[in-house]
Amino acid sequence: MHLTVGLAQIYPKIGDVQANLRAHLQQIEAAKAHGAQLLLFPELSLSGYNLQDLVYEVALQPTADDPIFRQLLEASGDYDMDLMVGFVDTDQRARYFIAAAYLSGGRVLHVHHKVYLPTYTLFDEGRYFAWGDSVRAFDTRFGRFGMLICEDFWHASPPYLLWIDRADVFLFHSASPGRGLDASERLGSARWVQLVNQAYGSLFTSYVLHCNRVGYEDGLNFWGGSTIVDPDGEIICAAPMHEPALCIHSLDLNQIRRTRTRLPLLRDERTGLTARELARILDQSPDRTFSGR
Amino acid sequence: MVTTLVQPQSRVDIDALLQINTDLAAKIIVGFIQDAIAKAGYSRAVIGLSGGIDSALVAFLAARALGAENVLAVRMPYRTSSADSLSDAQAVIDQLGLPALTIEITPMVQPLIDLFPDMDGVRKGNIMARQRMIVLYDQSAAWRGLVIGTSNKTEVLLGYSTLFGDSAAALQPIEDLYKTQVRQLARALGVPQSILAKPPSADLWIGQTDEGELGYTYAEVDRLLYLLVDARYTVDEAVEQGFERAFVEGVWRRVRQNHFKRTMPNVAKLSRRSIGHDFLYLRDWSG
């Protein structure tokens with residue numbers, strides 16, 4: 001089975017949801033011309049990244065009642081294209097989340113709330129956002145997928161949980177600021193993200209799609225470089241660095257079976273052992289290093 | 001045959017860590033300039049061209065970003081400024097094909113300087129730097145272009161600049177590059193050899209050089225600042241890397257004492273939501 005996917009490496013405009021919606025619809029139309037069945041957008045693609053006090057103005061609710069989401073849902077039906085979009089989600093109790101929504105056939109199939117909010121060095125997400133509290137895979141018409149947002153996959157445990165929750169295709173998106181200029185052709189942050197994505201493809205014998213944004217917010221640059229990693233850990237599609245791009249690629253989903261036959265890491269994964277030992281370690285942790293949050 | 005690999009504990013190769021990929025740096029900075037100017041609703045820029053390496057590099061980057069015809073180079077000599085400063089700035093103007101102005105600041109600053117016969121060189125230098133800021137911001141309005149700053153990371157960390165003088169700008173393209181890295185990028189972009197070769201100087205008085213005033217070379221202090229700032233070494237860890245303790249402590253004290261130049265003035269908080277404390281939007285919000 002083949003799945004044609006697209007990575008829309010766009011430059012979202014800070015705080016301007018209407019302009020970003022128009023950019024989404026343009027990308028959907030362009031991707032459709034190339035046969036895309038699934039299109040990924042970057043983290044906070046509808047709002048821009050470093051929102052600060054704009055968080056409260058750009059929040060949406062991922063339902064057909066929301067005028068922005070209604071148009072995206074219609075597009076997913078009209079174009080027969082599944083979508084992963086990034087936005088600020090809010091609930092009825094004034095809690096705000098960095099969120100990713102998966103839309104298919106006019107419906108919202110799944111919403112993921114970012115579970116790791118970087119609040120260090122240049123990042124201040126914990127100041128504005130509530131922490132997501134679940135990591136769940138979900139069924140789509142193309143198979144079982146899992147979504148994570150940027151810092152979520154800087155930690156090893158969320159991808160692992162998705163894998164055990166039967167996800168075979170990982171949909172990651174980011175608004176990753178470029179940093180770590182040295183003699184290399186790529187920034188340190190770009191090297192790191194590509195390294196871990198190749199590691200996840202290899203360790204989980206799964207497809208890993210990563211869509212990162214481009215552009216600038218104040219002095220920050222976003223490096224793009226979106227990639228697709230195959231179940232053998234190889235990069236099979238790489239978008240340019242620092243430039244807007246729409247990358248379309250056909251995935252051979254049968255490669256997952258072939259790789260896992262050669263390398264049955266999933267079959268042999270000892271989840272019971274992991275659960276027992278993790279429970280023991282947390283229970284006995286002498287200095288309570290882990291908060292259990 | 002057994003191969004034994006032994007890697008003795010050695011000093012960090014800081015010179016290697018200070019190397020930058022100049023193509024990547026230029027690409028990011030050129031994009032930054034284009035983005036910042038366009039977001040503000042402008043297409044042009046104004047740069048004070050001193051004849052030194054920092055402003056020459058920024059002129060090269062701005063010309064690449066905006067087109068040479070959109071970058072106004074302003075030379076602002078004082079009567080004691082060296083002739084080389086003017087001719088080196090002219091070489092940049094000629095090489096890039098920049099529109100240019102030369103505005104002598106002596107008649108603007110001299111009346112103030114003459115009021116205080118015992119005025120020292122630092123006060124005079126600050127007056128000149130601030131007068132140049134006034135000229136640049138006036139040209140910003142006249143030419144419809146944003147003032148692009150030319151500060152580098154070394155001088156900003158050391159506070160070797162004039163507050164509201166050379167530090168005043170709408171954007172700072174090279175402020176995250178140490179002087180050592182500015183040299184690499186300037187060489188790669190084709191800044192004239194005479195500028196690359198001469199000792200850095202604020203040229204505020206005859207014979208002044210940065211390194212003479214600071215008491216150490218940029219090459220030396222950049223290696224130390226890289227460890228203390230970028231690599232987060234403690235003073236003790238920096239000493240272990242072979243730097244003299246007095247040098248490390250002196251530089252770090254200077255970084256701390258000049259921090260006020262790198263921050264906005266403190267605002268006395270009174271209300272529930274205050275500018276400078278919890279009224280938080282990006283600068284890009286205005287664009």
Side-chain angles (χ1 to χ4, degrees), chain A residues 9-16 19-20 44 47-58 119-129 175-191 213-225 240-245, chain B residues 12-40 65 148-149 151 153 169-178 180-182 184-185 188 226 229-232 273-287:
Chain A
Q9 184 170 292
I10 61 170
Y11 178 171
K13 188 173 180 193
I14 188 88
D16 193 340
N20 293 326
L44 293 174
S47 63
Y49 174 65
N50 195 2
L51 293 158
Q52 299 184 313
D53 285 0
L54 292 175
V55 164
Y56 320 106
E57 297 177 25
V58 300
T119 306
Y120 56 81
T121 60
L122 72 163
F123 300 106
D124 206 10
E125 293 179 15
R127 178 185 177 95
Y128 301 96
F129 293 104
S176 178
R179 52 206 190 276
L181 176 72
D182 55 22
S184 165
E185 288 178 2
R186 292 177 300 156
L187 293 170
S189 48
R191 297 199 301 270
R213 63 163 288 181
V214 291
Y216 294 83
E217 286 182 0
D218 279 13
L220 297 185
N221 70 84
F222 298 91
W223 51 270
M241 295 279 177
H242 295 285
E243 291 168 17
Chain B
V12 177
D13 185 355
I14 312 169
D15 291 326
L17 294 171
L18 278 165
Q19 293 296 310
I20 57 166
N21 184 302
T22 52
D23 288 343
L24 181 55
K27 182 172 187 175
I28 294 171
I29 295 171
V30 165
F32 166 73
I33 293 171
Q34 290 169 334
D35 187 83
I37 298 280
K39 268 179 185 157
I148 303 189
S151 302
K153 193 168 187 173
L171 56 150
Q172 291 285 11
I174 62 166
E175 197 179 305
D176 204 19
L177 292 176
Y178 289 109
T180 305
Q181 297 170 322
V182 164
Q184 294 171 47
L185 188 53
Y226 182 89
V229 177
D230 293 52
R232 300 171 191 272
R273 195 177 184 204
S274 317
I275 298 156
H277 293 283
D278 38 25
F279 181 73
L280 297 173
Y281 299 93
L282 293 188
R283 187 184 179 97
D284 282 359
W285 186 41
S286 33

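Everything numeric in this text was worked out from a predicted model, so none of it was measured. In what follows, chains carry the letters A, B, and so on, assigned in the order in which the sequence lines appear, proteins first and then strands, with residues in each chain numbered from 1.
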Exercise for review: Please tell me if the side chains of A:Arg191 and A:Asp182 come closer than 4.5 Å, counting only heavy atoms from C-beta onward.
Suggested key: yes

Point to revise | B:Asp35, part contacting chain A, at a heavy-atom distance under 4.5 Å | key: side chain

Exercise for review: Among B:Thr22, B:Ile28, B:Ile20, find the residue that satisfies the side-chain contact (heavy atoms from CB on, under 4.5 Å) test when tested with B:Leu24.
Suggested key: B:Ile28

Check your understanding: If you look at every heavy atom in A:Val214 and A:Gly224, which pair is closest and at what distance?
Key -> CG1-CA, 3.6 Å

Exercise for review: Could you tell me how the ring of B:Phe279 sits relative to the ring of B:Trp285: parallel (under 30°), tilted (30 to 60°) or perpendicular (over 60°)?
Suggested key: perpendicular

Revision key, fill the gap. Distance col, row B:Lys39:NZ vs B:Arg283:CZ, nearest 0.5 angstrom, shows 11.5 Å

Check your understanding: In terms of heavy-atom proximity below 4.5 Å to chain B, should A:Asn221 be classed as side chain, backbone, both, or neither?
Key -> side chain

Practice item. Answer with side chain, backbone, both or neither: which region of A:Leu220 has an atom nearer than 4.5 Å to a non-hydrogen atom of chain B? Key: neither

Study note, to complete from the structure: So, the part of A:Arg127 with a heavy atom under 4.5 Å from chain B: the answer is side chain

Point to revise | Parallel, tilted or perpendicular, as decided by the 30° and 60° cut-offs, for the rings of A:Tyr216 and B:Phe32 | key: tilted

Point to revise | Contacting moiety of A:Leu54, where chain B heavy atoms sit under 4.5 Å | key: both

Check your understanding: Which bit of B:Asp176 comes within less than 4.5 Å of chain A, counting heavy atoms only: side chain, backbone, both or neither?
Key -> neither

Check your understanding: Rounded to the nearest 0.5 Å, how far apart are CZ of A:Arg213 and OH of A:Tyr11?
Key -> 6.5 Å

Check your understanding: Which region of A:Phe222, side chain (C-beta onward) or backbone (N, CA, C, O), has a non-hydrogen atom less than 4.5 Å from a non-hydrogen atom of chain B, or is it both or neither?
Key -> neither

Review point. Heavy-atom distance under 4.5 Å to chain A: side chain of B:Ala36, backbone, both or neither?
Key: neither

Exercise for review: Answer with side chain, backbone, both or neither: which region of B:Leu18 has an atom nearer than 4.5 Å to a non-hydrogen atom of chain A?
Suggested key: neither

